[in-house]
Protein chains: 4
Amino acid sequence: MSEQRRGAVRSEAARRAILEATARLFAARGYDHLTIEGVAHEAGVGKQTIYRWWPSKSALVADCLLEGMLLPNRLGPPNTGDIRADLVTWLDEIFELVAQPIGESLILSLIAAAAENPDVGRRLYASMGATSALVERFEAAIAASEIRDDAPVQEIGEALMGPLVVRMLSRSPITPGTAERLVDVVLGPVSVGIAPPG
Amino acid sequence: MSEQRRGAVRSEAARRAILEATARLFAARGYDHLTIEGVAHEAGVGKQTIYRWWPSKSALVADCLLEGMLLPNRLGPPNTGDIRADLVTWLDEIFELVAQPIGESLILSLIAAAAENPDVGRRLYASMGATSALVERFEAAIAASEIRDDAPVQEIGEALMGPLVVRMLSRSPITPGTAERLVDVVLGPVSVGIAPPG
Amino acid sequence: MSEQRRGAVRSEAARRAILEATARLFAARGYDHLTIEGVAHEAGVGKQTIYRWWPSKSALVADCLLEGMLLPNRLGPPNTGDIRADLVTWLDEIFELVAQPIGESLILSLIAAAAENPDVGRRLYASMGATSALVERFEAAIAASEIRDDAPVQEIGEALMGPLVVRMLSRSPITPGTAERLVDVVLGPVSVGIAPPG
Amino acid sequence: MSEQRRGAVRSEAARRAILEATARLFAARGYDHLTIEGVAHEAGVGKQTIYRWWPSKSALVADCLLEGMLLPNRLGPPNTGDIRADLVTWLDEIFELVAQPIGESLILSLIAAAAENPDVGRRLYASMGATSALVERFEAAIAASEIRDDAPVQEIGEALMGPLVVRMLSRSPITPGTAERLVDVVLGPVSVGIAPPG
DNA sequence: GGCTAATCGAGACGGTACGTCCCGTCTTTAG
DNA sequence: CTAAAGACGGGACGTACCGTCTCGATTAGCC
């Protein structure tokens, strides 16, 4: 009835050692200086053990992402009841991360990995909260009538994340006030916000 | 008085052959299968001739961009007097390009190259019109009072381009109506647009 | 008094499957393309079952030899009463075998295996009749006064076999008449043979 | 008219370093523990530089032989005017060499290499004097009427060398007197030698 | 019949070496 | 002095096997 399984079972120790080594080296040296041989050596593992389970280094990175070893798994905005302030808080948090050289090269490396491997892209997108934490915050805002209930939340989310990516790729500096201006752009300036109920 | 120059001068034929070979191979096989040796061979040129003038393959790609060999040099929105329609037209044009496999992989390769090399990033940013053609259109719109004169045009531009990049990296499909929704997000829905003057 | 034995006993089926697979692969691909993994797979057997009973691939080949799976177990000269003719017949038989590509590569593989593993060497030597069938024929020849009773039979035997090995290793062609010339060399030319008794 | 040659020329330093490293490692660890990577490392050379000029490790070994780095290039019998004594001297010299463990494993390694690669075989054959020095000695012996002028010298030579190879492969000990007995076998016992002229 | 071993197939594991692809530098010859 | 050609030392690739080590299943003697 059930699937036959024979032979030794996959070693969890090796799996973890590999992912941890990958995360360590990725953070230390960036995506394109990451090598399978380096990971194997760092993890104390044969190369074949890596190739047995992952097809490429980008798949390795994707798995690290999935396990939350490169970024906090749910990086979303807070909910203080004030959607504009919460989004600004969240953006500023991210801006601060990427303002540091290490944060910048980490994100650029992730972008490079995502460009190369669809899986990394999908997981990075999920990780960055664009689908989960951020959307939840918008739904809460709709429920609280902070924003219109027909607001295109996916587009709004991407209009917040996207500029970050663009600035990083173009190496444009992120000036003070950028977060506020972005939130104003996507939610509309305060003065033209939706009318309060009643 | 003048600089003394002896011996053969830099060969323009070689320079063009190299850039054309780079563009050809980049389009055909993508950024990370592009090799200096491949370019040298394709261009019928010695490797040293490439290394003499360009420090890396990403610099080569950056130069191709600058010469408009990878993307049209000025890809900007039209100006029909209707900023919303013009932006939608422009976005849909880009969306159509990246909906084709070749366009998608071209852009993803450019993103990867930009992530790896600051120069490519800067030039790509300029190329994509985010600073020039797009900003000019916004200035025209301000002049025509189509949008507020204190609108943060850089942020608006990036809030239009950014989501494209995010969708490509995350491999999210671009659904019909996305362009309209994005324009609505960044300019505000029509009904709450700025009041007509007077 | 006797050794205690518990648990499953050695599988004769596995043993035979392994030896047969070894012989098959050895003949097909030669000694140095023979792999334990290949034998295990071909025999439908786990690798450990091979390692449990044989220490190395050359031991495997030695066992195949011992079971006569690679060469006829007793390849010796006939006895028609004419020692010279019998030796020529025997040599020509061998020469014909090694003239075919398959025979040549089989023997060269065996030589390589023998060079690598003393056991293979000893068993091959025995197999090739140099100690048994050939010596028996010489003893018969001595009994029949065909050759001197103090003839150094081991040296004579090796002086017949050795040139074959040398020709194979040096890839010298074996020309017609070689067998006769060799027999003449080791037994002395007919005209100067030992005087008939009486 | 002449062949065009452009680009850097082959480095003699690299060639020598590689051959010397090969000879050193071959002598130290034997043919089948010899690795291309080991040679490259020992020679301080990139692997590709080896693969550019030699197709396999056995070709490397063959070249070492050709340069006389593994064996003296002309290992032949002396000429004191007494062919039997000279041959015995020569054989005993070789027997002494192969009686030492290092000599034995060197020769066995050469045999293994010869079995694998025709070129090694041919060059080894030439090196061992079977074609040159030994044949010259026989010709001198014929000229001096020490042996019959129609003696099959190639067969005689191989009937001397061959048994050595057979003993090495079969790991039979070489007992005292073997050289004499072999010479007796191939030249005939003294008592039945050719009649002195006159 | 249950217990204890040993064997079997399968195959994962840490390794070593393979032969290939490119890197960026250096060397040679032609123009 | 530039350019083509291409050899060089080096690093990583992805693959093939090595010999060892689990696994779960099966098989035999012993209580």
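Labels below follow one simple rule: chain letters A, B, ... track the order of the sequence lines, proteins then strands, and each chain is numbered from 1.
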Query raised in the report: Atom NZ of C:Lys57 and atom P of F:dG19: how far apart are they, to the nearest Å?
Result: 9 Å
Query raised in the report: Under 4.0 Å: is that the gap between some side-chain N or O of D:Thr49 and OP1 or OP2 of F:dA7?
Result: no
Query raised in the report: For E:dA6, does either OP1 or OP2 sit under 4.0 Å from a side-chain N or O belonging to C:Trp53?
Result: no
Query raised in the report: In residues 12-43 of chain C, which residues come under 4.0 Å of DNA chain E by heavy atom?
Result: none
Output the single nucleotide from [options] whose closest atom is nearest the side chain of [X].
{"X": "C:Val45", "options": "F:dT15, E:dG14, E:dG9", "answer": "E:dG9"}
{"X": "A:Tyr51", "options": "E:dG19, F:dG14, F:dA7", "answer": "F:dG14"}
{"X": "C:Arg52", "options": "E:dC8, E:dC13, E:dG24", "answer": "E:dC8"}

Query raised in the report: Relative to the 5' end of DNA chain F, which residue comes earlier, C:Ala8 or A:Ser56, by the nucleotide with the nearest heavy atom?
Result: A:Ser56
Taking [X] first and then [Y], would you say they form a salt bridge - that is, a charged N and a carboxylate O separated by under 4.0 Å?
{"X": "C:Glu67", "Y": "C:Arg15", "result": "yes"}
{"X": "C:Glu116", "Y": "C:Lys57", "result": "no"}
{"X": "D:Asp63", "Y": "D:Arg123", "result": "yes"}

**Report entry** Nearest heavy-atom neighbours spanning D:Val61 and D:Ala113
**Finding:** CG1-CB, 4.3 Å
Query raised in the report: Can you find a donor-acceptor N/O pair under 3.5 angstrom joining the side chain of B:Gln48 to the base of E:dC26?
Result: yes
**Report entry** N/O donor-acceptor pair, side chain C:Lys47 with base E:dG9, under 3.5 angstrom
**Finding:** no
Query raised in the report: Does NZ or CZ of B:Arg16 fall inside the cone over B:Trp53's six-membered ring, less than 6.0 Å from its centre and within 45° of the axis?
Result: no
